[in-house]
Amino acid sequence: MNKFYIVAVMAAISSLTMAYSQNPARLTDEPVEIRQTAGRAALGEFAPKFAELNDDVLFGEVWSRTDKLALRDRSIVTVTALVSSGIIDSSLTYHLQEAKKNGVTRTEIAEILTQVAFYAGWPKAWGAFRQATEVWKDTSDAADAKAVFEREMIFPIGEPNTAYARYFTGNSYLAPVSSEQVKIFNVTFEPGCRNNWHIHHASKGGGQMLIGVGGRGWYQEEGKEAVEILPGTVIHIPANVKHWHGAASDSWFSHLAFELDGEDSSNEWLDPVTDDVYLDLR
């Protein structure tokens, strides 16, 4: 078990650079190349020098300096500057879309534009709000909460865990972290989400290890009290033990999952965790 633990943790640490580079709210170790062709597409023949400066300098050099200022922060600065200048056209629409892509939530853009209104002018803010409501029209409070949690995470949360959705109550997400030496996945649960009771069978070795990396969750073995999982909590799950794990009812939650090698290994999925069991946890 100790050998697997050391190898797994080393593999997880080696993936941190990748995770940081995928999070537009975080600084990167090195500049990230951003390719832009809008200038050449619109003005390449008419004003080739302007197109070059737009694509290669503004975006290729300045926006690419993500080791100095994160993409999310650059988006906020740019949107604020455009609104303050009264530029309420397609340029603002584009940068509002980029701001959303770079992690700015519906709640945050509303606060940003409200504050800008007092310094740049009420009519300018009204114009910006008309565009912002269109860009964020399909965004809910739940999506805002997910975006904030994802921004604070070291590891990416990945894609919806559709392949195993039938074994979960609520929505979960899965992100491969390492496929070499030891397979590691980051599993993310929305508030209230948990997996079914299940067993990692093995005739020798086997089992699973969890490491909390974000939010707050629970782990419980059959017949025992539930254990709270916080960032840094390590859970060792022996083979052939019935258990479940998932998020607290009021928190997003992520853990790394390490599958440990064993002989005759298999997973057996059982019944869902009932509300009577789950809602009794505090």
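Here the side chains of V273 and N196 are not in contact, with every heavy-atom distance at 4.5 Å or above. Annotation: side chain of L256 is in contact with side chain of F155 (closest heavy-atom distance under 4.5 Å). Under the 4.5 Å side-chain criterion, counting only non-hydrogen atoms from C-beta, I199 is not in contact with V241. Here the side chains of W244 and L270 are not in contact, with every heavy-atom distance at 4.5 Å or above.
Interatomic distance, CZ of F185 versus CG of N161, reported as 10.0 Å (0.5 Å rounding). Residue S75 holds its OG atom at 8.0 Å from NE2 of H95, rounded to the nearest 0.5 Å. Distance CD/E159 to OH/Y173: 9.5 Å, rounded to 0.5 Å. Here the straight-line distance linking atom OH of Y219 with atom CD1 of I229 works out to 8.5 Å at 0.5 Å rounding. Atoms CD1 and CD, on I235 and E228 in that order, are 10.5 Å from each other to the nearest 0.5 Å.
Partners of N267 by side chain to side chain donor-acceptor pair (under 3.5 Å), not counting sequence neighbours, listed by chain and number: H200. Judged as a salt bridge (charged side-chain N to carboxylate O under 4.0 Å, His left out), and not counting sequence neighbours, the contacts of E134 are K137. Evaluation of the side chain to side chain donor-acceptor pair (under 3.5 Å) rule for Y167 yields no partner, not counting sequence neighbours. Under the side chain to side chain contact (heavy atoms under 4.5 Å, CB included) criterion, E150 pairs with K146, I157, sequence neighbours left out. Residues meeting the side chain to side chain donor-acceptor pair (under 3.5 Å) test with D275, sequence neighbours left out: R194. In this structure, the side chain to side chain contact (heavy atoms under 4.5 Å, CB included) partners of D56, at least two apart in sequence or on a different chain, are R40, E52. Under the rule for a side chain to side chain donor-acceptor pair (under 3.5 Å), E111 has no partner lying at least two apart in sequence or in another chain.
Residue pairs meeting the side-chain hydrogen bond (donor to acceptor under 3.5 Å, both in side chains) criterion with at least one member in residues 117-130, sequence neighbours excluded, do not occur. Evaluation of the salt bridge (Lys or Arg N to Asp or Glu O under 4.0 Å) test over residues 241-257, restricted to residues two or more places apart or in two chains, returns R216-D250, E222-K242. Pairs of residues two or more places apart, or lying in two chains, that qualify as salt bridge (Lys or Arg N to Asp or Glu O under 4.0 Å) and include a residue from residues 66-90 are R72-E108.
Of all the heavy atoms in N186 and V177, the pair that sits closest is N-CG2, 3.8 Å. Closest approach of P24 and A70 over heavy atoms only: O-CB, 3.5 Å. Across all non-hydrogen atoms, the minimal contact from G215 to P231 is O-CD, 3.3 Å.
Side chain of T28 to main chain of E30: a donor-acceptor pair is present (N/O by atom type, distance under 3.5 Å, no hydrogens or angles). Judged purely by atom type and a 3.5 angstrom limit, R26 uses its side chain to pair as donor or acceptor with the backbone of M153.
Under the 4.5 angstrom side-chain criterion for Ile, Leu, Val, Met, Phe, Trp and Tyr, the cluster partners of F59 are I34, L58, W63, L71, Y94. Taking Ile, Leu, Val, Met, Phe, Trp and Tyr as hydrophobic and joining them when side-chain heavy atoms fall under 4.5 Å apart, one finds L53 in a cluster with V57.
For the residue pair Q131/T93, the side-chain donor-acceptor check at 3.5 Å is satisfied.
Residue R106 forms a side-chain hydrogen bond (donor to acceptor under 3.5 Å, both in side chains) with just one option from T133, T139, D141, and that option is D141. Considering D29, V32, L27 in turn, V32 is the only one that fulfils the side-chain contact (heavy atoms from CB on, under 4.5 Å) rule with T66.
Within 6.0 Å of the CD atom in E268, the count of heavy atoms belonging to other residues, nucleotides or ligands exceeds 12.
Checked against a 6.0 Å centroid threshold, the rings of H255 and F189 count as neighbours.
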